[in-house]
Protein chains: 2
Amino acid sequence: MNDIASATETSAPYEPKTLVEAAYKRLRRDIIEGVHPPGEKLRVEHLKDQYEVGAGTLREALQLLVTDALVVAQGQRGFRVAPISIADFEDITRTRVLLETEALRQSLARGDDAWEAALVASFHRLSRAEQKLSEGDLDTTEEWERRNRAFHETLIAACPSRWIRHFQNILYQQSERYRRLSLFRQPVARDVHAEHQALFEAALARDVTRATSILSEHILRTLDAVKRMPIDVLNGKPATH
Amino acid sequence: MNDIASATETSAPYEPKTLVEAAYKRLRRDIIEGVHPPGEKLRVEHLKDQYEVGAGTLREALQLLVTDALVVAQGQRGFRVAPISIADFEDITRTRVLLETEALRQSLARGDDAWEAALVASFHRLSRAEQKLSEGDLDTTEEWERRNRAFHETLIAACPSRWIRHFQNILYQQSERYRRLSLFRQPVARDVHAEHQALFEAALARDVTRATSILSEHILRTLDAVKRMPIDVLNGKPATH
DNA sequence: GTTTCCCGAAATCTCGAGAATTGTTATTGA
DNA sequence: TCAATAACAATTCTCGAGATTTCGGGAAAC
């Protein structure tokens, strides 16, 4: 089978069988979480010690990250963490709406009983995490991340288009980076659970118009949060400065 | 600036400054043109001689091709030319319609005088090539390829979304591979020029509905051609067998 | 006749060192 | 004091060789 985006696939707990992939995953995580802030120069000589691999191996991992547009390679001047900007995030968000609503449309048209069951299950898991979060248990933030992503993935899981899902994965990854970088300023806020609940019910009812409408606004709402980001973050400074 | 897709950008005559990029470009071309048929195993040891680079260098070039989904990397079992299938091409085509019509919509809404001028120019160049082609001059096929792509790129050039254009580039590349592989059976056919003419006029008139409609059908029509491909091509055999 | 196991060959993956390019600093001259 | 040039240092890019893993054929066992 033509397994597009095996590199960015996250649904299956894929076990990295090579050092390149292992380094790739660790690097990707560190970039998304802001350990390597936007614009930072990624020197191979320094990073190969930190990630405990050879120089050539790390280079390949960096090339893979260019795929996800998390790293940019400049001619003969090495690698750099992809810069960020409000315009870019706006682009990401609007394109995400375009793709994700189409995916949802197709998913609602094709989803069978098994899909419905999976949706109920993942919504339940997400609800539990959101409940704990609202009770002040901040340790579950990490877990909520995963369940949130899982819920959104399940929503469009019945979409038969591998390409749409592939592109959607890349964009989700990108927006996640922006969201992480803006988190410390805009903690959780919003009644996200209510939005998820409405989305879930509309999906189960196969109300395409309503579901896509809710999903659009759900995604677009994150735009405001990021637009209020402090400027120094956009310039690639570390979040703590 | 966040230069997404520097690897797949083709509009600017980007000069490869590193051996990796040079090998990447040559390999990509050979894969699209069918020199390396779908499913073929890409052995580093053999290819490094053919492309006159080191083993590590070629590995990096192959990793870059994974980005474009022209090559798939399997765990510890090396690289392979991405397989093809009718289902995959159908997916590619429909997703292309989704993205390219949206891009055209935005482009028509934003295109200024300079864009109009560029569109007139590229359409003129394309028309000339199509005229020569209809006169039986088969040497211009290569040139027609470029001008056809240029025309379609100019159409959506005023679309401000880098991400949509990025994804569109990838999909265009993919569909080009399918088209090349099916060429020997379905040479040129269709009155492509008439379609281009109608598309051009609708775009100049800023008739969004008409333009997107024509573009959709224009893209979808290639589906039929590929669906009539001989089966052995789909199985990854060389086109000459 | 079919399956299983084992071993050799081939290919992949990984690493460190050398050549080429870029960015910086110091020196010279006006 | 400032601009231009030249040498230096740092980093990137490239290459070939060694360790690990996978693939294929053949013999033995059931």
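Residue numbers start from 1 in every chain, and the chains themselves are labelled A, B, ... in the order their sequence lines are given, proteins ahead of strands. A quick note: this is a predicted structure, and the numbers were derived from the prediction, not measured.
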Check the surroundings of atom CG in Asp49(A): do more than 12 heavy atoms from other residues, nucleotides or ligands lie under 6.0 Å from it? yes

Name the closest nucleotide to the Glu45(A) side chain, picking from dT11(D), dT22(D), dT12(D). dT12(D)

What does Leu42(A) touch in the nucleic acid at a heavy-atom separation under 4.0 angstrom: a base, only the sugar-phosphate, or nothing? sugar-phosphate

Reading 5' to 3' and counting Watson-Crick or G-U wobble pairs with both distances under 3.5 Å, write the dot-bracket notation for DNA chain D, | for bases paired outside the strand. ||||||||||||||||||||||||||||||

Residue Thr18(B), side-chain atoms from C-beta onward, closest of dT14(D), dT11(D), dT22(D): dT14(D)

Under a 4.0 Å heavy-atom criterion, DNA chain C is touched by chain B from dA11(C) to dT14(C)

Show the nearest heavy-atom pair for residues Leu99(A) and Ile164(A), with the distance to one decimal. O-CG2, 3.8 Å

For Gly56(B), which contact category applies under a 4.0 Å heavy-atom criterion: base, sugar-phosphate, or nothing? nothing

Can you tell me if Asp113(A) has over 12 outside heavy atoms packed within less than 6.0 Å of its CG? no

Ring-plane angle category for His166(A) and Trp163(A), please: parallel below 30°, perpendicular beyond 60°, tilted otherwise. perpendicular

With a 4.0 Å cut-off on heavy atoms, is Lys41(A) in touch with a base, just the backbone sugar-phosphate, or nothing at all? sugar-phosphate

Using a cut-off of less than 4.0 Å, is there contact between a side-chain N or O of Arg77(B) and OP1 or OP2 of dT22(D)? no

